Amino acid sequence: MSTAFLCGNIEEGFYSGFDITGFINTVKRIIEENDIKRIYHCKRNYFDIKLCDYICFAVSDVEIIELRDIHKKDSDYLFRQHNRAYKTFCPFEKEIENGKLYQTLYDWAINNSDILIAYSKFDDDISQRIIKKTSAKGKKVINIAELI
């Protein structure tokens with residue numbers, strides 16, 4: 001049984017001109033081949049939200065947990081998502097300042113997961129820094145951008 005976390009950046013219009021069935025099957029295959037039973041995400045952008053929706057649709061036995069700062073109001077978070085994917089967990093006791101929030105959440109996820117599921121094509125994306133950090137810790141990285 002493995003635990004994974006999500007980090008990537010896909011623009012909202014990305015899926016409209018895309019073979020979504022193939023994408024969902026790729027994600028399902030990743031989950032099944034790696035025996036992933038828990039997925040953490042930070043609800044940072046559209047990638048996290050849509051991927052969680054697709055996972056809820058394609059795989060029934062994966063626990064999806066949003067890492068968040070419970071000290072902030074829910075309105076501080078930009079995106080809503082499927083109810084099944086809306087379990088929350090706050091990995092720290094004090095509020096994290098906004099400029100360090102996602103880095104703090106990703107650091108926790110790196111240390112508490114086996115696999116990173118990413119979507120990153122650009123070197124200047126925060127996802128590339130997370131990919132490098134995860135790899136440096138000897139954890140498995142799966143970049144969906146390289147598979148589709």
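Computed from a prediction, not measured in an experiment: that's the story for all the values here.
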Subject >> Lys28 to Ala58 - nearest heavy-atom pair and separation >> reply: CE-O, 3.7 Å
Original post:
How close do Cys42 and Tyr102 get, heavy atom to heavy atom, and via which atoms?
Top reply: O-CE2, 3.5 Å
Original post:
Just checking, is any N or O donor in the side chain of Asn143 or Lys121 under 3.5 Å from an acceptor N or O on the other one?
Top reply: no
**OP:** Quick one: pull up CD1 in Ile65 and CZ in Arg38 and give me the separation to the nearest 0.5 Å.
**Re:** 4.5 Å
Subject >> Rounded distance [0.5 Å steps], CZ in Arg129 versus OH in Tyr106 >> reply: 10.5 Å
Subject >> Inter-residue atom distance Ile142.CD1 - Leu147.CG, 0.5 Å rounding >> reply: 7.5 Å
**OP:** Identify the two heavy atoms, one from Asn112 and one from Thr3, that lie closest to each other, and give their separation to 0.1 Å.
**Re:** O-CG2, 3.8 Å
Subject >> From SG (Cys7) to CD (Gln128), nearest 0.5 Å >> reply: 9.5 Å
**OP:** Provide the closest heavy-atom pair for Gly8 versus Asp48 in the form atom of the first, atom of the second, distance.
**Re:** N-OD1, 4.5 Å
**OP:** Side-chain contact test, heavy atoms from C-beta onward, threshold under 4.5 Å: evaluate it for Val59 versus Ile36 and give yes or no.
**Re:** no
**OP:** Please state whether the rings of Phe47 and Tyr119 are parallel, tilted or perpendicular, taking 30° and 60° as the class boundaries.
**Re:** tilted
**OP:** Hey, could you give me the OG1/OH distance between Thr21 and Tyr54, rounded to the nearest 0.5 Å?
**Re:** 9.5 Å
Original post:
Does any N or O in the side chain of Asp35 come within less than 3.5 Å of the main-chain N or O of Ser2, such that one atom is a donor and the other an acceptor?
Top reply: no
Subject >> Spatial distance of atom CD1 (Ile130) from atom CG (Leu105) [nearest 0.5 Å] >> reply: 10.0 Å
Original post:
Angle class for the Trp108/Tyr40 ring planes (parallel below 30°, perpendicular above 60°, tilted otherwise)?
Top reply: perpendicular
Subject >> Check: Ile110 main-chain N/O paired with Lys139 side-chain donor or acceptor under 3.5 Å >> reply: yes
Original post:
Quick one: does Thr134's side chain get under 4.5 Å of Phe5's, heavy atoms only?
Top reply: yes
**OP:** Would you sort out whether Ile30 and Ile144 count as a side-chain contact (heavy atoms from CB on, under 4.5 Å), showing the intermediate values?
**Re:** CA-CA 9 Å; Ile30 290 168; Ile144 297 173; 4.0 Å; yes
**OP:** For atom NZ of Lys137, decide whether the heavy atoms of other residues, nucleotides or ligands shown that lie under 6.0 angstrom number more than 12.
**Re:** no
Subject >> Taking every non-hydrogen atom, the tightest pair across Leu6 and Leu116 >> reply: C-CD1, 4.2 Å
Original post:
Quick one: does Ile39's side chain get under 4.5 Å of Leu51's, heavy atoms only?
Top reply: no
